[in-house]
Amino acid sequence: MFTELSISRTPCYGECPVYEVVVHHDGEVKWTGHEFVDHLGESHFRISPEQVKQIETLLEIFDYRSFCYPESDVFATDQPSCITNVVFKDGFEKEIDHYLGDSQINPNDHQHSFENLEKLEEKLEQILGLEKYI
């Protein structure tokens, strides 16, 4: 389903973790920690084929390819972003720049809500085992 996936977190006005992770379909992972993380600098590791499959399933369930960023009801200016980018096997590329200062006062149960996007981002980090780096 994907050939490459990346997830990164940008700075805020405080001590938010700042990093970038690139995952290849073969399980190769490159971590780059920039600020406020336990592991600064670059590191390489591999995830299992089962973890790659979990990521593919997560992207499919979330319908990442068709995601439409919802209009925000509330905006705060001191928050970081979580940026995900997926290059699919057919060459289609999709990036979602999720500004964490955006929120919905009354989030609906729609698949493409901010709440579900945050769940996707957190689940990606969990599957990749990033807690030991962050």
Side-chain angles (χ1 to χ4, degrees):
M1 175 187 228
F2 74 92
T3 58
E4 185 178 285
L5 174 143
S6 66
I7 181 168
S8 61
R9 300 233 179 219
T10 65
C12 66
Y13 289 141
E15 296 182 1
C16 299
V18 180
Y19 64 87
E20 179 179 7
V21 177
V22 179
V23 183
H24 297 274
H25 191 264
D26 66 358
E28 180 186 334
V29 180
K30 176 182 159 188
W31 159 273
T32 308
H34 298 286
E35 294 181 312
F36 306 112
V37 292
D38 283 342
H39 188 86
L40 292 171
E42 192 173 299
S43 201
H44 296 266
F45 61 94
R46 293 190 77 73
I47 58 173
S48 70
E50 293 80 19
Q51 289 168 294
V52 171
K53 181 65 176 158
Q54 287 177 336
I55 292 171
E56 287 183 338
T57 301
L58 181 65
L59 294 172
E60 188 175 314
I61 289 170
F62 181 72
D63 192 22
Y64 187 92
R65 188 178 182 121
S66 300
F67 180 83
C68 295
Y69 198 82
E71 187 174 329
S72 175
D73 295 328
V74 178
F75 180 80
T77 60
D78 60 347
Q79 300 295 312
S81 290
C82 182
I83 303 167
T84 53
N85 183 284
V86 177
V87 179
F88 292 89
K89 286 187 178 177
D90 65 1
F92 179 78
E93 184 172 355
K94 172 87 173 217
E95 180 174 282
I96 300 173
D97 187 345
H98 177 203
Y99 180 66
L100 300 178
D102 286 343
S103 65
Q104 295 163 310
I105 294 172
N106 297 311
N108 57 28
D109 292 333
H110 191 270
Q111 180 178 5
H112 294 170
S113 67
F114 288 132
E115 182 179 353
N116 285 337
L117 180 56
E118 286 182 27
K119 288 178 185 176
L120 170 86
E121 295 158 351
E122 290 168 5
K123 186 67 176 172
L124 281 172
E125 292 170 333
Q126 179 186 29
I127 292 168
L128 293 169
L130 298 184
E131 60 275 350
K132 63 185 168 194
Y133 292 90
I134 301 171

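Since we're looking at a predicted model, the values are computed, not measured. Residues take their numbers from the sequence shown, with the count starting at 1.
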Heavy atoms of other groups near Phe92 CZ, more than 12 under 6.0 Å: yes

Nearest-0.5 Å distance, CD1 of residue Ile127 to CD of residue Glu50: 12.5 Å

Heavy-atom side-chain proximity of Glu115 to Lys119 below 4.5 angstrom: yes

Pairs flagged by disulfide bond (SG atoms under 2.5 Å apart) wherever residues 1-33 is involved - sequence neighbours left out: Cys12-Cys16

Set of residues satisfying salt bridge (Lys or Arg N to Asp or Glu O under 4.0 Å) with respect to Glu121, sequence neighbours excluded: none

Qualifying residues under ring pair (Phe, Tyr, Trp, His ring centres under 6.0 Å), relative to Tyr69, sequence neighbours excluded: Phe114

CE on Met1 to CG on Asp90, rounded to 0.5 Å: 10.0 Å

Nearest atoms (heavy-atom pairs only) where Tyr19 meets Val37: CD2-CG1, 4.2 Å

Minimal non-hydrogen separation, Arg9 against Glu125, with atom names: NE-OE2, 2.8 Å

Under the side chain to side chain donor-acceptor pair (under 3.5 Å) test, residues paired with Gln51 that sit two or more places apart: Ser48

Residue pairs passing the salt bridge (Lys or Arg N to Asp or Glu O under 4.0 Å) test where at least one lies in residues 22-48, sequence neighbours excluded: Lys30-Glu42

Residue of the set Ile55, Ile7, Leu5 for which side chain to side chain contact (heavy atoms under 4.5 Å, CB included) holds with Val86: Leu5

From Cys82 atom SG to Glu122 atom CD, the distance as rounded to the nearest 0.5 Å: 9.0 Å

With Glu4 via side chain to side chain donor-acceptor pair (under 3.5 Å) - residues at least two apart: none

Counterpart residues, side chain to side chain donor-acceptor pair (under 3.5 Å), relative to Glu15 (two or more places apart): none

Single-linkage hydrophobic cluster, 4.5 Å side-chain cutoff, Leu128 and Val87 together: no

Phe88 with Ile83, same ILVMFWY side-chain cluster at under 4.5 Å: no

Check: Ser81 main-chain N/O paired with Thr10 side-chain donor or acceptor under 3.5 Å: yes

Smallest separation among heavy atoms of Tyr99 and Asp78, with atom names: OH-N, 3.4 Å

Joint cluster assignment, Leu58 & Val21, ILVMFWY side-chain distance < 4.5 Å: yes

Transitive ILVMFWY side-chain link Val29 to Leu124, under 4.5 Å: yes

Partners passing ring pair (Phe, Tyr, Trp, His ring centres under 6.0 Å) against Tyr133 (at least two apart in sequence or in another chain): Trp31, His39, Phe45

Residues forming a salt bridge (Lys or Arg N to Asp or Glu O under 4.0 Å) with Lys94, sequence neighbours excluded: none

Non-neighbouring partners of His25 that pass side chain to side chain contact (heavy atoms under 4.5 Å, CB included), sequence neighbours left out: Phe2, Val52, Glu56, Lys89

Set of residues satisfying side chain to side chain contact (heavy atoms under 4.5 Å, CB included) with respect to Ile61, sequence neighbours excluded: Thr57

ILVMFWY cluster, Leu40 and Ile134 together (side-chain gap under 4.5 Å): yes

Side-chain heavy atoms of Phe62 within contact of Leu117, under 4.5 Å: yes

Partners passing side chain to side chain donor-acceptor pair (under 3.5 Å) against Glu93 (at least two apart in sequence or in another chain): Asn85

